[in-house]
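Working notes, beginning with the structure itself.
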Amino acid sequence: MNDALDVALRLVIVFAVFLVLPLVIGQTEHKVMAHMQGRLGPMYAGGFHGWAQLVADGVKFAQKEDIVPADADRRVFQLAPAIALLPYLLVLVAIPIGPGEGAVGEVVDAGIFFVLAIMGISVLGSLMAGWASANKFSLLGGLRTAAQLLAYELPMLLAAASVAMAAGTVSLPGIVDEFEWWWLPWQIVGALVFFVAGLAELQRPPFDMPVADSEIIFGAYTEYTGLRFALFLLAEYAGIVVLCGLTTVLFLGGWHGPWGAEGLGWVWTLLKTAVLAFVVIWLRVSYPRLREDQLQKLAWTTLVPLALAQIALTGIVKVAIN
Amino acid sequence: MPPIPGSGLAKGLAVTLRTMTKKTVTEQYPDAQPELPPRTRGVIGLFEENCTVCMLCARECPDWCIYIDSHKETVPPAAPGGRERSRNVLDRFAIDFSLCMYCGICIEVCPFDALFWSPEFEYAETDIHELTHERDKLREWMWTVPAPPALGPRRRGAEGTRRARKAAEKLAAAQEPEPEPREGES
């Protein structure tokens with residue numbers, strides 16, 4: 001009984017984090033993006049600097065009619081937003097934010113495998129949406145998503161493998177336990193590759209070719225309205241949380257910090273995640289969208305070789321240490 | 001020396017970060033009134049007393065948005081034995097601001113300074129017919145017309161003013177001795 005309560009409590013907490021953090025990041029994006037463009041951003045909803053803007057957006061989405069196009073593949077069309085969103089919830093369960101058993105939803109021994117495999121699933125949501133919408137723009141967006149997934153999953157896996165090699169374990173808490181500060185320069189290339197590939201997998205600008213609104217309307221999400229559309233948006237921001245959390249855990253040492261690693265470790269994790277999320281927003285504001293061929297070229301001719309070089313470096317250093 | 005690879009990317013990031021630390025340019029309009037420049041073209045006010053119903057404004061208006069109705073009245077002779085004069089009396093003066101394109105030609109062309117720009121701009125209506133402002137409303141706008149702004153030292157008009165003042169002073173200096181005898185006369 002106590003075990004069940006424990007599991008339930010953990011899941012509730014993870015679920016709450018899953019609902020709150022994406023909104024926080026979304027609001028931060030509203031504000032940071034606005035100020036980077038010399039604007040103020042939302043100022044009215046909720047009274048103080050528009051803090052409740054996303055709540056208001058949610059209410060608006062909930063009021064909208066849920067439309068399924070006549071020619072759409074109904075079941076697949078309706079299922080797609082859930083497929084896009086839920087994997088991130090599952091990944092969040094496995095991300096440790098502090099040392100010990102208490103600070104992770106569920107310890108998964110093969111953490112990296114679990115996390116990367118599940119993250120790949122969420123892209124299927126876009127693919128399903130694109131295929132089921134019976135719309136040429138959606139289809140184009142869905143296929144671009146597929147191409148992007150193929151191109152960027154590889155460097156992401158390779159970069160993660162490098163860390164696993166360095167730590168000698170594939171468990172996420174295990175990797176953070178092994179972390180030393182000099183891993184930072186050692187794994188910096190892998191970290192960059194992982195982060196960039198993750199951005200591409202989330203279809204965040206500058207890698208938002210699959211949803212390029214100026215040419216294919218909104219890609220796979222063109223036909224969606226109301227709550228289902230909101231779920232896709234939520235999936236994007238949940239994806240940012242997961243990507244930043246994973247990068248923190250794998251490459252930035254999770255709860256390790258200059259001080260206070262024991263009691264306040266989770267603060268370090270959240271802080272690093274927040275900084276990375278800021279970088280994600282920053283990149284979106286600063287860079288224009290990559291063209292589809294540039295996108296593929298970046299993955300295959302730059303990121304994959306870099307990731308392979310990182311693995312080689314990791315191997316050499318590892319052997320030299322031993 | 002070729003640029004360092006990636007320096008362009010870093011420059012892009014620096015630009016956005018710098019903009020973020022600067023003050024925003026947003027004006028929170030309904031909460032804070034905007035600071036309008038002098039001679040703002042908001043709405044047109046009518047100073048009815050100056051209007052002689054010459055119709056120049058209505059005729060010059062490119063989109064015919066000025067409506068003027070008038071009739072003639074006969075004024076009895078000012079002095080006995082004189083002849084009667086006829087005079088135009090304004091019945092209706094209206095500007096349709098749903099047509100007006102704020103070119104200001106009517107104001108430029110008015111020979112008697114009966115039309116003025118006012119900076120007031122908050123007169124949106126839910127019914128387009130309400131945008132035809134009749135003479136009483138145009139009169140109300142007149143009270144919002146600001147005094148003409150002073151000419152700056154570098155304006156072209158300032159040079160004209162300076163010359164005119166110089167000429168006037170010269171004239172005054174030339175006529176200086178004259179006033180005294182006049183004083184003596186009266």
Side-chain angles (χ1 to χ4, degrees), chain A residues 25 27-51 53 188-189 191-193 195-197 199-200 204-208 274-291 294-295 297-298 301-303 305-306 309, chain B residues 1-43 97-98 100-102 104 117-128 130-131 141 144 146 149 152 154-155:
Chain A
I25 288 182
Q27 182 69 17
T28 316
E29 179 171 74
H30 270 319
K31 287 312 236 182
V32 167
M33 201 162 151
H35 281 272
M36 281 184 169
Q37 296 168 342
R39 300 180 287 117
L40 284 172
M43 289 298 283
Y44 279 91
F48 180 74
H49 285 263
W51 67 269
Q53 182 62 44
I188 183 73
V189 175
L192 288 177
V193 169
F195 193 63
V196 170
L199 271 185
R204 287 283 301 176
F207 304 104
D208 60 338
V275 169
L276 283 177
F278 175 80
V279 172
V280 171
I281 298 165
W282 191 10
L283 292 173
R284 173 179 178 179
V285 182
S286 301
Y287 296 142
R289 180 185 304 131
L290 263 67
R291 219 168 47 214
Q294 293 169 331
L295 228 145
K297 197 176 168 202
L298 177 70
T301 65
T302 312
L303 293 187
L306 277 179
Chain B
M1 195 184 110
I4 307 161
S7 63
L9 295 176
K11 214 178 274 175
L13 289 175
V15 166
T16 41
L17 197 65
R18 215 177 306 126
T19 313
M20 193 178 75
T21 56
K22 279 190 193 142
K23 202 171 161 1
T24 55
V25 296
T26 307
E27 290 186 23
Q28 293 184 280
Y29 157 58
D31 297 333
Q33 286 295 318
E35 269 192 36
L36 298 170
R39 299 188 184 85
T40 294
R41 298 180 171 196
V43 70
F97 283 105
S98 64
C100 178
M101 56 187 201
Y102 301 89
W117 278 120
S118 155
E120 294 295 314
F121 59 95
E122 293 171 307
Y123 50 93
E125 301 283 354
T126 47
D127 182 357
I128 198 168
E130 303 281 308
L131 277 173
W141 290 129
T144 63
R154 291 174 58 200
R155 294 240 171 75

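The analysis underlying the following values was restricted to heavy atoms, covering all of them including side chains, and did not include hydrogens, waters or symmetry mates. Reminder, nothing fancy here: chain letters follow the sequence lines and each chain counts from 1.
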Gap separating the CZ atom of Phe278(A) from the CE atom of Met20(B), nearest 0.5 angstrom: 4.0 Å
Shortest non-hydrogen contact from Trp282(A) toward Leu13(B): NE1-O, 3.1 Å
Trp117(B) atom CH2: more than 12 heavy-atom contacts under 6.0 Å: yes
Close side-chain approach of Thr26(B) to Arg39(A), heavy-atom, < 4.5 Å: yes
Proximity of residues 30-37 of chain B to chain A, residues having a non-hydrogen atom under 4.5 angstrom: Pro30(B), Asp31(B)
His35(A) side, atom NE2; Lys23(B) side, atom NZ - distance, nearest 0.5 Å: 10.0 Å
Toward chain B, the part of Met33(A) with a non-hydrogen atom under 4.5 Å: neither
Enclosure of Tyr29(B) OH (heavy-atom neighbours >12, cutoff 6.0 Å): yes
Toward chain A, the part of Val15(B) with a non-hydrogen atom under 4.5 Å: neither
For Thr19(B), all residues meeting side-chain hydrogen bond (donor to acceptor under 3.5 Å, both in side chains), sequence neighbours excluded: none
Heavy-atom closest contact (Ser286(A) atom, Thr16(B) atom, distance): OG-OG1, 2.7 Å
